[in-house]
Structure formats: C-alpha cells, structure tokens
Asks: 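Just passing along the structure, written as structure tokens.
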Amino acid sequence: MTDKTIKENAEEKKPLNFIEQIIEEDINSGKHKEIITRFPPEPNGYLHIGHAKSIILNFGLGERYKGKTNLRFDDTNPVKEDVEYVDSILEDVKWLGYDWNGDVRFASDYFDQLYDWAVMLIKKGLAYVDDQSGEEISANRGTPSKPGTSSSGRNRSIEENIDLFERMKNGEFKDGEKVLRAKIDMSSPNMHMRDPVMYRIKHAHHHRTGNKWCIYPMYDYTHGQSDYIEGITHSICTLEFENHRPLYDWFLEHIYETGKTKPRQIEFARLNLSYTVMSKRKLAQLVEEKYVSGWDDPRMPTISGLRRRGFTPESLKVFAEKIGVAKRENIIDVDLLEFSIREHLNKIAQRVMVVQEPLKITITNYPEGESEWLPAVNNPEDVSMGEREVPFSKTLYIEQEDFLEEADKKFFRLKPGGEVRLRYAYFIKCNEVVKDKNGNITELLCTYDPLSKGGNSPDGRKVKGTLHWVSAEHAVDIQIKQYDRLFNDEAPDSYKDRNFTEFINLESLSVAKNCKAEPYLKQAKQCERFQFERKGYYILDKESKHDNMVFNRTVTLKDSWKNKIFL
RNA sequence: UGACCUAUGGUGUAAUGGUAACACAGCUGGUUUUGGUCCAGUCGUUCUAGGUUCGAGUCCUGGUAGGUCAGCCA
C-alpha cells in the first residue's frame, strides 16, 4: 500500500457529520452539481470562536466538496451596524485562511430586488400593510398556546396595500407607523408564521446605502432570498433558527422560479465553551464595562482576542474538527482548545529559556569575568529548526520555584546539597543559601562540574532534575502577561438568578515585570511565537516595543507536577 | 399546558438493524537533557417504560429531562 492510498483510506474512514451526509446525498442524487455555502455575519460586533466554528464549517464544506463559499454581510438593521465591524470581520476571516467566492456581498445589495418581490407578494395577496403599533402587533400575535387575532389591515385591498407600501418607501410615514406583513396564518402553532413583519420603517443612515431607504427588510424576509439570489445550495445556521425554517421555505416558495436553485436551511448546535461567555451582547458588556481592555483582549474568546493571545488558525481548525458538528446542545471543555494550540505550538514553536521569577545563583568555582556559549536545540520536535547558542557565566538566574530549602524526595529540582542539570550547560550543586535579615533567600552559592559540559557527566552519574536558566550579564529584560480563564464558573451565564459578571475571575491577568530572557529573544519579531522551556507558549504582543518587550502567555505547558503538589 | 428540536463515559463526537469506537480531561505506569513531547494501561447497566426483530444506541409508541419560539434584532 502506498502512502497515498493509506491516506485516502483514512480519509474515507473519517465519519461524516450530518451536514456532510446531506451534501453527499444531494451530490450523489444529482440534486446539485456543485454546492455553494455562505458565511453571513451581521456587522454589529466582533467575531468570536463560535463564529470561527461556523466559518470553518462553511468554508471547509466548500473546500471539501470543491464548491464555493460566499461571504455576505447580513446588514438589514442600519442602527446597529457599522463599517468598523465589517473591517474586523474581513480581517478575521482572512486570518483564518479563507478566501471567499467572488466579491464580498451585502444583503443591502439586494434591497431593490427584495422590494420588487415584496410588491409581487402584495399583488399575490400574500402581504399587507398593517398600521398597528408594535405593542398592538405583539399583543394580537397571541401566545404559543393561544392563536393570534387579525388586524384590520389584513383585509385591505391589493391596490391600497401597494399604494401604502410605496408611500412607506417614499418616506411619508414616521418610524413605527406602518409595517409590511406577510399574510400567512394568525393561528399557526409556529409563532413565526403569524403574519411576520417583512418591512419596518427606519429613517436611519445605512453604512452602505446611505439615505436611499427608509424602509428596511427584516431578517426572515431577507436571508432566504439572499441565499436564493446567490444560488446557495446549503444555508447553514444555528439551532435557534430551526423554528424559522417553515417561514424561510414559505417566502422561497412564493418567489421561486423553475430551474433555479432552491436553498435548503440546515441548523446545527452553536459552540459553547466552558469558563467563558459567547454572546455578542455579553462580550460587548465586558468591553464596555472595562472588565477587559477591548475586543481583542487576549482573554476574550473573540477571534481577534485569540489571535492576540497567540492562537494559530491551524489550531482553531483542528479544534473545530475535534468538536464536530451536531444538533445537540454542548459545552466544550476549554481544555480541548488548549490541547489544540499546545499540539500545534509544540511542533512549530522555537524554544528559548526565560526565567520569570529570578533567583540569583553564583557558580563559585567558575572563573570571574569569563563566559562561554553553549549550543541549544531550537526545537526537539523539529531538528530542521537548528540550534542556537546560549551564554553561560559565573552569575546566573534560575526560577525561584525551582529551589526548595526543605524538599522531599519527590522534588527533584534544586535543594541544599542536591545536584541538578542546567539545560544544555552543566551539572551544578547547591552548597549554600544566602538570606537577608528577614530570612528571604537572596542568592544560592553553587559549584559546577566542568566535566558535565553540555549536560552529561562522563562518569554516567544521573541527575533527576533539569532546570532552565539565564546568564545574568547577558539577560534581556522582558515583561510577561499571564492570562487565566476569565470566569471562575464553568457556565457563567447559565444561572437564571445571577449575573454572569459575578463570576469574573479577578486574577485572570497577572503581569510578570522582571523576567530574564536569553539574548536570542532580542531578535523576536512582532507576533512571533515561542516556547519558554518548562513554562509555556508565548507570543510577542503586537504592541510590544523593542526596548520594552511584552509577551502574552498563550497557554502553559501541561504540568503533571503542579497537580501533585496540592495533593 | 401549542409547535419544533435534542438525549451515547467527566466533556465532546462516532457507530447508517449485527462485538458501543475515537479525541480531550482524570488516574496508573514507562521513556525522556523541558515534571513538556512520546508510549502503554484504566474509567459506560447508550434518559426511561413498553413494543417490532433471530438481533435495537439505532425502528415504533408512551413517558421524563433539556433547548428554541410570543423584537418593527439577527
């Protein structure tokens, strides 16, 4: 068996999710020769990882089945939308590595067509102008268990409806004075079918159409028709639109022309992540109330936040693949997200040694004023990344937590009289602990074994611990921003009687200001990712200055030792 | 108490009427110049009660639990 056939078999074996099954059936049955999907954000906020799931799903389907994927802004509500959001969404989709089919599209491009179809529906007796107020419409809609009641507008003549709708368009009425409604069924058990509003009056400036319109179509009347115009075959959305599907189909039924593609709406369960919130409204609240520094705060589950945190597009795609696509409500363990980024960064990240809480050590038997440069592997997972050299000298820093004055045998880092390896350098032994008057340890006096250069002793003597270290005189000072989960509760917005902000983790950000890095790090480029050995993965922040380098901690390394300390 | 949807290890996702699988997390051990990586082991009466069938996680019926819907938001 060749590598290729093995790979193909492996791909064949991969189970299909329910959407892929539908698509394969549609292709096999000849219903569609080519599939077209779409990602349809409203430009009223920043994209989050839940959107990433949807983007990866839709564009992934396009790639997998050699079809196309459109990017369309669902911009039917001018008072909430803005070009700022259009720009950030475009950036996020591109960063994820996707290129949409043709130009970026806007639902607002279809306003003329939508208007013409609305007139057509009026002429067919399927839509009417209603002059009830919002409150009246709501009151007369009934409840899920009680049918609604018709308004007088429902019986208007076609001519009058056409006249009124045109006057709505011409701006003869104030906001809220009239709406256009579909004439369906006021007693339908599905609330969405009780004569839904198609158009409302909003004398508002639209980010694309300016002041051309003062009536704007509602989502339900816009989305399916936009899909239809673009020839979308599979219109994939989240579960809360399930109840809208009969309405989606109803509009399409009445404007459909034989021979055209009729899109099919398919719903899947949105992503929920543990220890965070995912609604645009709540994320906006975190920004507005300054719990975070902005939409791209590295603690935010936004795509821009994850990007700044150091996540890679690849890791997000692997994550999306692992969580799958189904219709069941879910809360994904944030551990799985962390696993995905660790897995990728482990393969690609340059290793480097950084001491975050320095403890000075002096190698008493090392010559004063001298230093030497020792080779260090850049990435043990990828030897093609080569080696670099790290400077060693008489005065070094190690991590405070790597020394314990009174340690049990399970602690195999440095202790008085104990020997450890300094990675890529020498074995050292701690002979004396220097303290200040308050009893705080200020320095360790150690000796090194010159024969153990590189990290192995010729006498075959073993040492259990290996520490990272930095030469004091060569050290580069850097800052590290350490992020933890934003909430202390697994599902902060799942409580009916408590506000999600009550669960905010007040220690989600801590800054280590006095970190010592090996000199190699000086050449780090903006947004470059590293593994600081034994600690975690870090990215040089996009706003970092050359003389004041700031790294964001993407994720720690897995630490099976830490877990045991608390036992 | 209307309509629609969902129910499989701690968390997700598979199994398309024929031995419940994979990943993550947890726990045990092994390897290791990162307590990382890697490797091995371990963790389930498929919500429930009936029914169909030689055979049911899968099909049927009833129940239970959860979700969605009463914006001129999307």
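Because the structure is a prediction, the values reported are computed rather than measured. Throughout, a chain's letter reflects where its sequence line sits, starting with A, and its residues are numbered from 1.
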Asks: Can you find a donor-acceptor N/O pair under 3.5 angstrom joining the side chain of A/Asn243 to the base of B/U68?
Replies: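 Answer is yes: a donor-acceptor pair is held.
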
Asks: Select base, sugar-phosphate, or nothing to describe what A/Lys410 touches, counting heavy atoms under 4.0 Å on all strands.
Replies: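 Result for A/Lys410 = base.
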
Asks: Taking the P atom of each, how far is B/C43 from B/G10, in whole Å?
Replies: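 Roughly 13 Å separates the two P atoms.
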
Asks: Considering only the C1' atoms, how many Å lie between B/U46 and B/U13, rounded to the nearest integer?
Replies: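 Their C1' atoms lie roughly 14 Å apart.
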
Asks: I need the single residue from A/Tyr128, A/Tyr199, A/Phe173 that forms a ring-ring contact (aromatic ring centres under 6.0 Å, His included) with A/Phe165. Which is it?
Replies: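 Exactly one option meets the ring-ring contact (aromatic ring centres under 6.0 Å, His included) with A/Phe165, and it is A/Tyr199.
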
Asks: By the rule that syn is within 90° of 0, classify the base conformation of B/G71 as syn or anti.
Replies: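 Here B/G71 takes the syn form, which means its glycosidic angle is within 90° of 0.
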
Asks: Ignoring backbone atoms, test whether A/Ser138 places a side-chain nitrogen or oxygen under 4.0 Å from the OP1 or OP2 oxygen of B/G71.
Replies: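 Answer yes for this pair, as a side-chain N or O of A/Ser138 is under 4.0 Å from OP1 or OP2.
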
Asks: With a non-hydrogen cut-off below 4.0 angstrom, is A/Arg141 in contact with a base, only sugar-phosphate, or nothing?
Replies: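 Sugar-phosphate, no base atom in range.
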
Asks: Looking only at atom P, what distance separates B/C5 and B/C59, rounded to whole Å?
Replies: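 Rounded to whole Å, the distance is 14 Å.
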
Asks: Can you check whether any acceptor in the base of B/U34 is under 3.5 Å from a donor in the side chain of A/Arg351, or vice versa?
Replies: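 Flag set: donor-acceptor pair detected.
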
Asks: Check the phosphate of B/U11 against A/Lys322, side-chain N and O only, distance under 4.0 Å to OP1 or OP2. Yes or no?
Replies: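 So the side-chain polar atoms of A/Lys322 never come under 4.0 Å of the phosphate oxygens OP1 or OP2 of B/U11.
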
Asks: What is the nucleic acid contact for A/Phe412, judged by heavy atoms within less than 4.0 Å: base, sugar-phosphate only, or nothing?
Replies: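 Base: the residue A/Phe412, judged by heavy atoms under 4.0 Å, touches a nucleobase.
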
Asks: With sugar-phosphate meaning primed atoms plus P, OP1 and OP2, does A/Glu267 contact a base, only sugar-phosphate, or nothing at under 4.0 Å between heavy atoms?
Replies: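 Nothing, no heavy atom under 4.0 Å.
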
Asks: If I pick the C1' atom on B/C60 and the same atom on B/C27, what distance separates them, to the nearest angstrom?
Replies: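 One C1' to the other, the span is 42 Å.
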
Asks: Is a side-chain donor or acceptor of A/Arg351 paired with a backbone partner of A/Ala349 at a separation under 3.5 angstrom?
Replies: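 Yes; judged by distance alone, with no hydrogens or angles, the pair exists.
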
Asks: With heavy atoms under 4.0 Å as the rule, sort A/Ile323 into base, sugar-phosphate or nothing.
Replies: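 Sugar-phosphate: the residue A/Ile323, judged by heavy atoms under 4.0 Å, touches backbone atoms but no base.
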
Asks: In dot-bracket notation, what is the pairing pattern of RNA chain B, taking Watson-Crick (N1-N3 plus N6-O4 or O6-N4) and G-U wobble (N1-O2 and O6-N3) contacts under 3.5 Å, with [ ] crossing and | for other strands?
Replies: .((((((..((((....[..)))).(((((.......)))))....(((((..]....))))))))))).....

Asks: I'd like a list of close polar pairs between nucleotides 17-22 of chain B and the protein, N/O only, cut-off under 3.5 Å.
Replies:
none

Asks: Stacking check: are the rings of A/Trp561 and B/G35 less than 5.5 Å apart at their centres and under 30 degrees in tilt?
Replies: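 Ring-base stacking flag set for A/Trp561 and B/G35.
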
Asks: Can you tell me whether the side chain of A/Arg413 and the base of B/G35 have a donor-acceptor pair closer than 3.5 Å?
Replies: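 Looking at the base of B/G35, it does pair with a donor or acceptor on the side chain of A/Arg413 (distance under 3.5 Å).
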
Asks: Across the strands shown, which category fits A/Phe339 at heavy-atom distances under 4.0 angstrom: base, sugar-phosphate, nothing?
Replies: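 Sugar-phosphate contact only.
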
Asks: Could you give the distance separating B/G66 and B/C54 at their P atoms, to the nearest angstrom?
Replies: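 Looking at atom P only, B/C54 and B/G66 are 38 Å apart.
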
Asks: Expressed in whole Å, how much space separates the P atoms belonging to B/G26 and B/U64?
Replies: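 Result for the P pair: 39 Å, nearest Å.
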
Asks: Which sits closer to the 5' end of RNA chain B, A/Glu329 or A/Lys280, going by the nucleotide each is nearest to?
Replies: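 That would be A/Glu329.
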
Asks: Want to settle it: does A/Glu42 or A/Glu381 sit nearer the 5' end of RNA chain B, counting the closest nucleotide to each?
Replies: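 Result of the comparison: A/Glu381.
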
Asks: According to a strict under-4.0 Å criterion, is A/Arg200 in side-chain N/O contact with OP1 or OP2 of B/A74?
Replies: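 It does, given that an N or O in the side chain of A/Arg200 lies less than 4.0 Å from OP1 or OP2 of B/A74.
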
Asks: Hey, which of A/Arg154, A/Arg181, A/Arg156 is the one that makes salt bridge (charged side-chain N to carboxylate O under 4.0 Å, His left out) with A/Asp130?
Replies: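 Between A/Asp130 and the candidates, salt bridge (charged side-chain N to carboxylate O under 4.0 Å, His left out) is satisfied uniquely by A/Arg181.
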
